[in-house]
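Please read the structure below before turning to the comments.
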Amino acid sequence: MSKPSPARMIVLFTDFGGGGPYVGQMQAVLAAQAPGAPRIDLLHEAPRFNPRAAAHLLAACLPAFPEDCVLLGVVDPGVGDARRAPIAVQVGGRWCVGPDNGLFEVFAARACAAGERVSCWEITWRPANLSNSFHGRDLFAPVAARLARGEAPPGEPRDWRLPADTDLAEVIFIDHYGNAVTGLRASGLATDAGLQVGDQRLPRARTFSSVAVGQAFCYENANGLLEIAVNQGSAVAQLGLAIGQPVTVC
Amino acid sequence: MSKPSPARMIVLFTDFGGGGPYVGQMQAVLAAQAPGAPRIDLLHEAPRFNPRAAAHLLAACLPAFPEDCVLLGVVDPGVGDARRAPIAVQVGGRWCVGPDNGLFEVFAARACAAGERVSCWEITWRPANLSNSFHGRDLFAPVAARLARGEAPPGEPRDWRLPADTDLAEVIFIDHYGNAVTGLRASGLATDAGLQVGDQRLPRARTFSSVAVGQAFCYENANGLLEIAVNQGSAVAQLGLAIGQPVTVC
Amino acid sequence: MSKPSPARMIVLFTDFGGGGPYVGQMQAVLAAQAPGAPRIDLLHEAPRFNPRAAAHLLAACLPAFPEDCVLLGVVDPGVGDARRAPIAVQVGGRWCVGPDNGLFEVFAARACAAGERVSCWEITWRPANLSNSFHGRDLFAPVAARLARGEAPPGEPRDWRLPADTDLAEVIFIDHYGNAVTGLRASGLATDAGLQVGDQRLPRARTFSSVAVGQAFCYENANGLLEIAVNQGSAVAQLGLAIGQPVTVC
C-alpha cells in the first residue's frame, strides 16, 4: 500500500469580509472534508459584487501560490440564479472552483497565453442540502475539498471560451493602508510610465521610500500591478479614489 | 496500545474583533495545548456586549459544525465580576465553553427540544495566572483545549435552567455586505411571510437574484434565519438599521 | 534515525490589515516552507507606519507565547530603502525576524534586563525574486520558516545596541471595543495610579465590571499595560483618543 500523497493547499478568495461568519463556515467544511490540506485565507475583502475587478486581482496574486493548489473563489452576486453553472477550471496543475461569472478567466487566459493547459468542468454534483444564498459553503467548498484530496471534479468536461488577455485600466482594489491597486500590469509598460487619475499625474517611483513622506506616486507592486500610493499616507483619502475609477498611462 | 483518537475541532465565537490581538492570544493557547485540533474562527464580530443577540446567532450557526466539536464562546461584558461561574455545557456530542450569561442557552434549548441531552458543568479549575479581563485566554481556552483532547471538564456537574425555545424579533447581526440578520427562524413562519421594519414592509424573496438590483427584501438565509437584504447593496445603509432594531412578521 | 523535533510556532505581527491579501501571501510561504509549524496571527492591525508604538505592544504580548516561538514582525514603513538591514534577533529561546527599525528592541531590552541572552544576526541571504515593497513575503517569511524548522539564520552575527528599558506614556493601540492601550506597564506603578488624558482624570479600577456602565476608567489589562476603557462603551469615542496621544500618571 503506497503512502497517500499529502493534500493540496486550499486558497480562499472571496468578498465575504474577514469578520465572519461565512468564512468560518466554509473553513469548517474544508477542515472536516480535507483534514490534511493547509487552508490559506488569501483575501476576503475582494471587490464586492464585482467579479471583473476581482478577476484581475486574483490573476495577479495566484501565480505566487503553489503550482498544485486549489483556489476556492467566491465573488458571486448572482448566487442562486439559474443562469450559470458552477465550474472547476484546471489551469496547469492548479484548480479554480467557483461560479462561472468571469472570476477565473483572467488568470486562465494569461496561463493559456503562457502555454499552460486550461480545461473546464461543469460541476453537476449537488449536496443533499443546498441553500439559495451560500453555495460557497454548500457546493464549492465540498468540491474544493475533493480536489484537494486528489479526486476528480464531480462533473463533466465542457467547453469554456477564454477572453483575450487584457489589462483593466481601473482601480480594482483598495488595501488597508489606502493604496489603490490598478488592473494594469507593469510588465507591459515602460519602466518610467506614470498614471493619470482625473487631473492628477502620478509619477513612477521604485517604492515608498523613494519619495517624500506624504507624496503620491505609482509603482509596480509586489504582485506586478501598477499601484497608486502615498508614502506613509492614504492615497485613497488624499486623491479621492474608489474601486472602478479609470486610470490612464502617461 | 490503541491509536489516540484525533482531537476535536475547536470553533471560536467571540466579540473580540478579527483584527487582534485577543484572538491570536487565544489561538496560541489552543495550538499549544491541543496541537492536533483544527481551530476554526466562526465569528469574532459577534454583537458587542450583547450575549442575548449573540446567543440567537450562535444557535443558528452551530448545528452546521461537526457533532463532536468544542465551541469556545466569549461574549462576556461582565468578565471579572463575581456573579457568574464559567461553565462547560454538553449538548449532544458537542461542548460549549464560556461564561454563564445566556450565550449557550438558545442553542441548548433548541437541542433539548429536539431530544438531545444537555448537561452543564461548573468549571472550578483556575489557572495559576488569571487576568481580570481576559478569561477567554486564561480560563476558557485551556478548558476548551482539554475537552478537544477528549478529557472531562475540570469541574462539577451543576443544575442549569434552560429557557423556553423562543425566537428574537430583532436585528441580531449585520454582516460585511450590510445585510441585517434577524433572530427569527424561517422554519416557524409561512413561506411568504415578510417583515415590517419601522414603516417599511419588506417582501419575502427566495434569494438575492430573485429581486431587482437595489431592491430591499427579506429571505431565509443559509443558517435558517430571516434576513433583510438589498440585492447588490447595503440594507443597513438603505433602511437605516442597527442591531437591536425590532422587526415584525407581516 | 531520530525523529525530527516538531516545528516551532510562528507568530505573525504586522500592520498589514487582517483583510488581506498580504497576510495570506505570507501565510502561504510559511505553510509551504515550514509545513509542520503552527501559524498564529497575533496582530495585523499594529499601529500603522509606527514601529515605536508597535514595539511596546509587541513587548507586552510576546511573553505569553511559547518560549521557542518564532516572531515574524513587519511594521516597516521604510521597506525597500537601503539604510537598514533585515535582522533575526534571538531572545532567550525565541526568535524575532523583521526589519531593524526598533520593532524588537523593547521586547529584547526587557528580556535582557531580566537576564535572558540576546543576540542579533544580520540576514545576508536574499531570495531569487525580491520585490521592492513586500519583504514580509519575499525575505522575512522564508527566514522565519527556516528558523521554525530549527535551522540557523542565513546570515552573520552582528553588534546590536539595545536601548534602555523604558515605557511609553502614550496611547499605542486602539482595540475593536474602542479601548485605548498605553505603553505604560502597571507593574512599575502604584496599584491605585490613575491616568490623566488632556483635562480628564481617569480613576483606576480592577476591571470593566468594577465601574458603572458608561464610566471611563483605567486598569491593568491582560498583557500588563495600563489601558483606558469605558464599561460597555468606547473610550476612544467618548474621550476623543488617538494613537500617539500623551498620557500622564496621576
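Keep in mind it's a predicted model, so treat the numbers as computed, not measured. Just so it is clear: chains get the letters A, B, ... in the order the sequence lines come, proteins before strands, and each one is counted from 1.
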Exercise for the section: Heavy-atom pairs under 4.5 Å with chain C are the metric here; pick the option from B:L130, B:D15, B:D138 that has the most. Expected result: B:D15
Practice task
Name the orientation class of the two ring planes belonging to B:F16 and B:F134 (parallel below 30°, tilted from 30 to 60°, perpendicular beyond 60°).
Solution key: perpendicular
Practice task
Indicate yes or no for a side-chain donor-acceptor contact from B:R84 to the backbone of B:D100 under 3.5 Å, with no hydrogens or angles considered.
Solution key: yes
Problem - Contact winner vs chain C - B:P21, B:G20, B:S131, B:G18, heavy-atom pairs under 4.5 Å - result: B:P21
Practice task
Under 4.5 Å heavy-atom distance to chain B, tell me which part of C:F13 shows up: side chain, backbone, both or neither.
Solution key: neither
Problem - C:R204/C:D192 salt bridge by N-O under 4.0 Å criterion - result: no
Problem - Toward chain B, the part of C:F65 with a non-hydrogen atom under 4.5 Å - result: side chain
Exercise for the section: Identify the heavy atoms of B:V75 and B:A54 that sit nearest to each other, and give their distance. Expected result: CG2-CB, 4.0 Å
Practice task
May I ask you to establish whether B:R146 and B:W125 are in a cation-pi arrangement, using a distance under 6.0 Å from NZ or CZ to the six-membered ring centre and at most 45° from the ring axis?
Solution key: yes
Fill in the blank from the handout: Whatever's closer than 4.5 Å to a heavy atom in chain B on C:L43 counts as both
Handout entry: Structural part of B:N129 lying under 4.5 Å from a heavy atom of chain C
Key = neither
